Structures are given as C-alpha cells and as structure tokens.
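Worksheet: one structure, shown below.
Note that the structure is a prediction, hence the values are computed from the model and not measured.
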Amino acid sequence: MSNKERAIELINRIPENKFFYIIPFLEGAAIPEIEEIKPDEWDLKMIEEAKKENDGDTISFEELLKKEGLTYADLQGQI
C-alpha cells in the first residue's frame, strides 16, 4: 500500500467533526515546494552579519522580560 493510499484510508476513518483540525494541515502539505535559490552576494553578507550578532545563546521569555525590566502586566494591551 502506498503512502497516499494509507492516507486516504485514514482520512476515510476520520469522523466529520474532526476535519476542522485536519484540513489546515492537508492544505499546507498540498502547497507545491518552492524552488530553492542559491544565496547571492547580498544574502551571504546578511547571513554573515547575522552570525556575528547571534552567538546561538537563547534565553526564556521570562528572562527577557526581567532583563528589560518588564512584567507580563506591562505587555497587556500592547498588541
């Protein structure tokens, strides 16, 4: 059985009320793949600048708020 046949078999078993969750996933998977283009000089320059600015370290959202002297309450109504 092919992957497509298996997927169709599974889809046929999904209750109608659960398609709400499945349709967006299928729509996303149905988008044709975009052709990958090699980066040009500008792209390569931007990549190098980003590498210099980003050392790969991450912090949690809570740590960022603390670092910036903010709280969740400060963010309410800002969006």
Side-chain angles (χ1 to χ4, degrees):
M1 175 182 301
S2 72
N3 286 332
K4 188 172 186 175
E5 290 168 330
R6 177 74 175 132
I8 291 169
E9 179 183 291
L10 292 171
I11 287 171
N12 287 334
R13 292 176 29 203
I14 296 171
E16 187 67 32
N17 65 332
K18 291 193 177 182
F19 273 101
F20 174 80
Y21 304 104
I22 306 299
I23 297 297
F25 177 76
L26 292 173
E27 287 174 337
I31 296 172
E33 290 191 31
I34 298 172
E35 177 185 351
E36 191 169 317
I37 299 171
K38 288 188 175 189
D40 60 16
E41 284 184 43
W42 183 85
D43 294 325
L44 295 172
K45 181 181 173 189
M46 293 296 106
I47 291 168
E48 287 305 312
E49 285 184 27
K51 285 180 181 177
K52 289 177 190 173
E53 294 175 12
N54 182 1
D55 62 5
D57 287 342
T58 61
I59 62 172
S60 70
F61 186 66
E62 288 76 14
E63 290 172 307
L64 177 61
L65 287 177
K66 185 176 180 180
K67 177 182 173 186
E68 298 298 324
L70 298 170
T71 65
Y72 281 105
D74 295 326
L75 303 179
Q76 296 298 325
Q78 297 295 318
I79 297 177

Name all residues meeting the side chain to side chain contact (heavy atoms under 4.5 Å, CB included) criterion together with E5; count only those two or more places apart in sequence or in a different chain, and write none if there are none.
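Side chain to side chain contact (heavy atoms under 4.5 Å, CB included) list for E5, sorted by chain: M1, S2.
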Find out whether I22 and I14 are in side-chain contact, i.e. whether some heavy atom of one side chain is under 4.5 Å from a heavy atom of the other.
yes
Tell me if a side-chain donor or acceptor on N54 pairs with a main-chain N or O of A50 at a distance below 3.5 Å.
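Checked: no pair found.
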Can you tell me how far the [atom1] atom of [X] sits from the [atom2] atom of [Y], to the nearest 0.5 Å?
X	Y	atom1	atom2	result
I11	K4	CD1	NZ	10.0 Å
F25	I23	CZ	CD1	12.0 Å
K66	S60	NZ	OG	10.0 Å
T71	Q76	OG1	CD	9.0 Å

Should we say atom OH of Y72 is surrounded by more than 12 heavy atoms from elsewhere, each under 6.0 Å from it?
yes
Listing, residues 26-49 side-chain donor-acceptor contacts under 3.5 Å, not counting sequence neighbours, or none:
| residue | atom | partner | partner atom | Å |
| --- | --- | --- | --- | --- |
| D40 | OD1 | W42 | N | 3.2 |
| D40 | OD1 | D43 | N | 2.9 |
| D43 | OD2 | D40 | N | 3.1 |

Start with the C-alpha gap between D74 and L65, add the side-chain angles, then the distance that decides, and say whether side-chain contact (heavy atoms from CB on, under 4.5 Å) holds.
CA-CA 10 Å; D74 295 326; L65 287 177; over 6 Å; no
Quick one: hydrophobic cluster around L10, which other residues, with the 4.5 Å side-chain cut-off, linked directly or via members?
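Grouped by the 4.5 Å side-chain rule, L10 forms a cluster of one, so the answer is none.
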